[in-house]
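All chains are named by letter (A, B, ...) in the order of the sequence lines, taking the proteins before the strands, and each is independently numbered beginning at 1.
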Number of protein chains: 2
Amino acid sequence: MADLGGQSQASFKSGGLSRIQEKNRSLILEAALGEFSMKGFSGATVERIAADAGMSKSNLLYYFSSKEAIYNATLAHILEVWLAPLKTLNPDGEPAQELAAYIRQKIEMSARFPEASRLFANEVMQGAPQILPILQTDLKRLVAEKSQVIEDWIAAGKMRSVDPVHLIFTIWATTQHYADFSVQIKALTGKDLSDADFQAETETAVTTLILNGVGLSLPTEGGSAA
Amino acid sequence: MADLGGQSQASFKSGGLSRIQEKNRSLILEAALGEFSMKGFSGATVERIAADAGMSKSNLLYYFSSKEAIYNATLAHILEVWLAPLKTLNPDGEPAQELAAYIRQKIEMSARFPEASRLFANEVMQGAPQILPILQTDLKRLVAEKSQVIEDWIAAGKMRSVDPVHLIFTIWATTQHYADFSVQIKALTGKDLSDADFQAETETAVTTLILNGVGLSLPTEGGSAA
DNA sequence: TTGCATCTTGACCATTTGGTCAAATCCCTC
DNA sequence: GAGGGATTTGACCAAATGGTCAAGATGCAA
């Protein structure tokens with residue numbers, strides 16, 4: 001995968017990081033995710049991230065050479081896991097099952113890692129200054145590949161003819177919306193994805209709408225009868 | 001509507017603003033929208049906004065008492081127009097027509113005012129520090145009202161049973177996604193909503209998917225035959 | 001034209017903030 | 001337990017930035 005920089009400052013033994021480095025880098029990345037996702041790149045301060053990570057600013061800068069380096073590391077850290085679900089779309093599976101599983105995974109991600117979603121959204125909205133190359137190469141390749149899968153399903157008469165790219169965008173948009181706009185959603189409904197019932201309800205609503213939208217439906221799970 | 005502050009500094013005659021005030025305020029708000037939507041509240045600088053508006057920082061601060069005041073004014077300025085389309089959902093119309101018209105308007109907004117969309121998204125993602133009260137009152141009321149309209153359509157057997165709130169969220173999510181993530185969309189497809197063809201294609205794809213999703217379809221426009 | 005309010009600006013200030021550095025402390029190996 | 005590298009920190013610095021202020025320029029009514 002096209003890289004973002006990664007390893008930056010502190011020396012390390014041939015194999016990997018020392019015990020202390022391992023722990024501190026992890027603490028920093030966690031704190032950084034919280035700050036960057038909440039305040040954006042400019043709004044977050046190194047001092048605050050350091051405090052959240054339980055160390056001095058100087059020490060943080062011993063592990064990451066600059067604010068931008070922390071930001072890039074954070075982004076790289078979440079990017080892989082964030083795009084992972086799409087990779088699981090299986091060409092040999094049934095469209096309804098596969099799409100439903102994908103949507104479920106994406107909603108699960110929004111529920112468990114809303115900060116990651118917001119960080120990603122923030123980065124892209126600012127013009128993707130750090131990850132544009134990745135979008136243009138790795139992500140583009142992945143989307144093209146999975147679009148072909150959907151095209152094949154359509155060609156095989158397994159689902160209604162839709163533009164695969166717009167379908168993917170729609171799934172991204174809807175699922176990530178529940179993380180990125182959770183404050184608005186909470187203001188309007190009184191709940192958000194941190195509520196298990198609301199998550200289930202959202203999953204049903206979104207899945208049903210999109211599957212119906214492409215002319216599919218999920219077998220009712222209750223009965224074993226066809 | 002719950003207010004955000006509005007009028008702040010410069011004196012004004014009984015009726016309204018002077019010619020010069022009118023012009024400068026407008027220039028400032030336009031410049032501010034550009035900066036805030038691109039860099040976020042913290043990332044934007046007063047100096048830069050002033051430069052974009054063609055005046056000195058001092059002069060800008062003559063019209064707006066603080067950076068936050070500019071931000072609030074910008075937000076207030078776009079909020080009304082941003083939420084307007086939902087208000088046009090007509091209880092007496094046909095669901096398919098009404099929803100399609102709403103989606104078309106939202107995509108049109110995303111195409112024409114992507115900065116407004118991003119500014120709004122930014123504000124909400126940061127926890128809606130300025131507009132939370134508005135979301136909790138005005139927007140909540142509006143959503144409740146239009147949800148009832150959809151409920152009524154469902155009760156009348158005019159469309160499939162879906163949760164109206166999730167339907168509204170889905171429409172917001174998909175349509176705004178094309179503005180907020182336009183950089184990503186351009187990286188993946190080579191186009192964005194600034195391309196008229198792509199806008200038309202998007203409108204068709206999204207409308208078709210959502211209408212089908214709720215068990216509706218639009219009469220084919222070409223022929224007069226049923 | 002004159003007088004006054006409006007408008008505009010450069011100089012300036014206090015604070016915040018990213019980043020440096022040398023000194024101190026900790027941890028591990030031999 | 002001594003030596004040396006790894007880790008940690010406070011003091012410090014320079015740049016950026018939001019905001020103030022007094023003085024000057026401009027527009028307008030009488």
Closest to the [X] side chain: [options]?
{"X": "A:M55", "options": "D:dT7, D:dG27, D:dT9", "answer": "D:dT9"}
{"X": "A:Q21", "options": "D:dA6, C:dT9, C:dC7", "answer": "D:dA6"}
{"X": "A:N59", "options": "C:dT9, C:dC7, D:dT8", "answer": "D:dT8"}

Q) Whole Å only: how far is the CD1 atom of A:I20 from the P atom of C:dT29? A)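 About 11 Å, once rounded to whole Å.
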
Q. Atom CZ of A:F64 and atom P of D:dT8: how far apart are they, to the nearest Å?
A. 13 Å

Q: Would you mind listing every side chain to side chain donor-acceptor pair (under 3.5 Å) that reaches into residues 33-47 of chain B, with sequence neighbours excluded?
A: none

Q) How would you list, by chain and number, every residue that makes a side-chain contact (heavy atoms from CB on, under 4.5 Å) with A:E30, sequence neighbours excluded? A) none

Q. With B:S147, which residues qualify under side-chain contact (heavy atoms from CB on, under 4.5 Å), at least two apart?
A. B:V143, B:P164, B:V165, B:I168

Q | N/O (side chain, A:Y62) to phosphate O (OP1/OP2, D:dT8) under 4.0 Å | A |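 Checking A:Y62 against D:dT8: no side-chain N or O falls below 4.0 Å of OP1 or OP2.
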
Q.
Under 4.0 Å from OP1 or OP2 of D:dA6: is there any side-chain N or O of A:N24 that close?
A.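 False: A:N24 side-chain N/O out of range (4.0 Å or more) of D:dA6 OP1/OP2.
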
(Q) Going by the rule side chain to side chain donor-acceptor pair (under 3.5 Å), which residues pair with B:E108 if we only count those two or more places apart in sequence or in a different chain? (A)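 In terms of side chain to side chain donor-acceptor pair (under 3.5 Å), with neighbours along the sequence ignored, B:E108 is linked to B:Q199.
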
Q. Reckon A:R48 touches a base, only the sugar-phosphate, or nothing at all at heavy-atom distances under 4.0 Å?
A.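 Nothing: the residue A:R48, judged by heavy atoms under 4.0 Å, touches no strand.
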
Q) Atom CG of A:L167 and atom CG of A:L99: how far apart are they, to the nearest 0.5 Å? A)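 Separation between the atoms: 6.0 Å.
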
Q | Set of ring pair (Phe, Tyr, Trp, His ring centres under 6.0 Å) partners for A:F198, sequence neighbours left out | A |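 Ring pair (Phe, Tyr, Trp, His ring centres under 6.0 Å) list for A:F198, sorted by chain: B:H166.
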
Q) In B/S/- notation, 5' to 3', how is nucleotides 17-26 of chain C contacted by protein heavy atoms closer than 4.0 Å? A) SBBB------

